[in-house]
Amino acid sequence: MDNNLLGRIHEISLGILKTLDEACRKNGIDYTIAYGTMLGAVRHGGFIPWDDDIDLVMTKENYDKFLLVCDDILPDYLKVECAEHNPDYPFNFAKVADTRTTFVEADFRKLNYKKGVSVDIFPAYRVRDDQKFIKKYCKKNRVNAALRTAYDGSCISRFHGGKKLCFIAAHVIAKCRGLQNLNKSVKKRLEHEHENGGSLSVVEYACTRTVLYSMYEDTVDYSFDGLTVRGVRDYDGYLKAEFGDYMSLPPVEKRVCHIDKTSEIDLDTPCK
């Protein structure tokens, strides 16, 4: 990706993060920076130079509260998209999009939600302390995620051979079931487990990596490219669970953005 374009995406994303942080602090909503954003704060003091987005995690309780009040506490140009509010939205996490920009992910061109530069907010759910169960649970969630990705149909052109046939079949199944029903089924599964779960958590609900749920309940301030933001106190435990030897840089060939090259990006045009 062009460095100037990446720099502008960083700038817009930081603006969203600043506004989110201020709104959450004023309204008693806690969050933590997560994944590459947490790693960037610890290892680089901000963005990983080749990273292109910002990820946050909220406990389910904070996430539910945020969705209830988000329209009232954020400026009009920031739109919170989530499956709870929009039946044409394909993810189990929220995106806070700057509607003054256009940023269309290649696999979801046809779906009707605001597609601007955004910050992702993932809800954390409790899950029972049983690795065998977690593997089966996440396998079901992966199937659901594949169906929701295939629902739009745009992703099919990325594949060839047997994999393409699988996604064509998944597209047909997803259309029959309906995106809203797929979203409801995975959310029902997550909420049931949360109510009866143990001390561990799932965030990327199709991934078997887990950390203690209590990590997300114990946050402190970190510096991130000049902003003061919230992050888990036990950053070492969190980052080791996510990345292993997190202070070692990856090989040069892996220091790349993960934005799909077929995405539509226009930072000067409001999204539709």
Checking ring-ring contact (aromatic ring centres under 6.0 Å, His included) for the pair His192/Tyr137: CA distance, chi angles, key distance, verdict? CA-CA 12 Å; His192 174 78; Tyr137 176 77; 9.5 Å; no
Would you sort out whether Met58 and Cys24 count as a side-chain contact (heavy atoms from CB on, under 4.5 Å), showing the intermediate values? CA-CA 11 Å; Met58 292 179 179; Cys24 286; 4.0 Å; yes
Derivation of the side-chain contact (heavy atoms from CB on, under 4.5 Å) call for Leu78 and Thr99: CA-CA 6 Å; Leu78 290 183; Thr99 61; over 6 Å; no
After noting the C-alpha distance and the side-chain angles of Asp245 and Ser248, does the key distance pass the side chain to side chain donor-acceptor pair (under 3.5 Å) rule? CA-CA 6 Å; Asp245 182 15; Ser248 295; 2.5 Å; yes
As a quick check of understanding, evaluate side-chain contact (heavy atoms from CB on, under 4.5 Å) for Lys60 and Asp64, giving each step before the final call. CA-CA 6 Å; Lys60 180 187 181 299; Asp64 288 348; 2.6 Å; yes
What verdict does the side chain to side chain donor-acceptor pair (under 3.5 Å) test give for Tyr246 and Asp236, after you've listed the backbone C-alpha separation in whole Å, the side-chain angles of each residue and the deciding distance to 0.1 Å? CA-CA 9 Å; Tyr246 60 88; Asp236 184 63; 2.6 Å; yes
Check the pair Asp129 / Ser199 against side chain to side chain donor-acceptor pair (under 3.5 Å), numbers first and verdict last. CA-CA 7 Å; Asp129 306 355; Ser199 63; 2.9 Å; yes
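Side chain of His10 to backbone of Asp51: a donor-acceptor contact under 3.5 angstrom is found. Looking only at distances, no side-chain donor or acceptor of Tyr63 sits under 3.5 Å from a matching main-chain atom of Tyr125. Between the side chain of Ser157 and the backbone N or O of Ser154, at least one donor-acceptor pair lies under 3.5 Å. A side-chain donor-acceptor contact under 3.5 Å links Asn181 to the backbone of Arg177.
In this structure, Trp50 and Val256 have side chains that are not in contact, with every pair of non-hydrogen atoms separated by 4.5 Å or more. Within the 4.5 Å cutoff, no side-chain heavy atoms of Asp225 are placed close to those of Leu17. Between Phe224 and Leu14, the closest side-chain pair of non-hydrogen atoms falls below 4.5 Å. Using a 4.5 Å heavy-atom cutoff, the side chains of Cys271 and Lys79 are not in contact. A 4.5 Å side-chain heavy-atom check between Ser13 and Phe47 finds at least one atom pair inside the cut-off. Contact check for Gln131 versus Thr210: side-chain heavy atoms found under the 4.5 Å cut-off. Side-chain atoms of Glu242 and Val203, non-hydrogen and from C-beta on, never get closer than 4.5 Å to each other. Counting only heavy atoms from C-beta outward, the side chains of Ile16 and Ile54 never approach each other to under 4.5 Å.
Atom NZ of Lys187 has more than 12 neighbouring heavy atoms from other residues, nucleotides or ligands inside a 6.0 Å radius. Around NZ of Lys184, the count of heavy atoms belonging to other residues, nucleotides or ligands within 6.0 Å does not exceed 12. At most 12 heavy atoms of other shown residues, nucleotides or ligands fall within 6.0 angstrom of atom OH in Tyr235. The 12-atom threshold is exceeded at CD of Glu22, counting heavy atoms of other residues, nucleotides or ligands nearer than 6.0 Å. For Asn196, the CG atom is densely surrounded, since the number of other residues' heavy atoms within 6.0 Å is greater than 12.
Taken from CG in Leu200 to CZ in Phe133, the straight-line distance is 11.5 Å, to the nearest 0.5 Å. If you take CE on Met215 and OG1 on Thr59, they are separated by 15.0 Å, rounding to the nearest 0.5 Å. Atom CG of residue Leu39 and atom CE of residue Met247 lie 8.0 Å apart, to the nearest 0.5 angstrom. Taken to the nearest 0.5 Å, the NZ atom of Lys163 stands 10.5 Å off from the SG atom of Cys155. Rounded to the nearest 0.5 angstrom, Leu68 CG and Ile29 CD1 are separated by 9.0 Å.
Summarising the geometry of Asn27 relative to Lys65, their closest heavy-atom pair is O-NZ, 3.0 Å, with the distance given to 0.1 Å. Of all the heavy atoms in Ala106 and Arg109, the pair that sits closest is O-NH1, 3.1 Å. Between Pro250 and Arg255, the shortest heavy-atom contact is O-NE, 2.9 Å. The nearest pair of heavy atoms linking Ala94 to Leu67 is CB-CD2, 4.4 Å. Considering every non-hydrogen atom in both Leu267 and Arg8, the closest pair reads CD1-CB, 3.5 Å. Smallest separation of non-hydrogen atoms from Arg230 and Asp30: NE-OD1, 3.7 Å.
Taking Asp266 as the reference, Thr102, Asp268, Thr269 meet the side-chain contact (heavy atoms from CB on, under 4.5 Å) condition, with sequence neighbours excluded.
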Please set out all donor-acceptor pairs under 3.5 angstrom arising from side-chain atoms of residues 111-121, sequence neighbours excluded.
| from | atom 1 | to | atom 2 | distance (Å) |
| --- | --- | --- | --- | --- |
| Lys115 | NZ | Leu111 | O | 2.2 |
| Asp120 | OD1 | Lys95 | NZ | 2.9 |

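Checked for salt-bridge contact, Glu217 and Arg126 meet the test: a charged N lies under 4.0 Å from a carboxylate O. Checked for salt-bridge contact, Arg25 and Asp221 meet the test: a charged N lies under 4.0 Å from a carboxylate O.
Under a hydrophobic clustering in which Ile, Leu, Val, Met, Phe, Trp and Tyr are joined whenever their side-chain heavy atoms come within less than 4.5 Å, directly or via other members, Val143 and Leu182 fall into the same cluster. Phe159 and Val172 fall into different hydrophobic clusters, where Ile, Leu, Val, Met, Phe, Trp and Tyr residues are linked whenever their side-chain heavy atoms come under 4.5 Å apart, directly or through other members. Following chains of ILVMFWY side-chain contacts shorter than 4.5 Å, one can reach Phe243 starting from Val211, so the two form part of one hydrophobic cluster.
Note on residues 31-43: pairs passing side chain to side chain donor-acceptor pair (under 3.5 Å), not counting sequence neighbours, are Asp21-Tyr31.
Using cut-offs of 30° and 60° on the angle between ring planes, the pair Tyr89 and Phe93 is perpendicular.
Tested against Phe103, the residues Asp53, Ile12, Asp52, Ile265 include a single side chain to side chain contact (heavy atoms under 4.5 Å, CB included) partner, Ile265.
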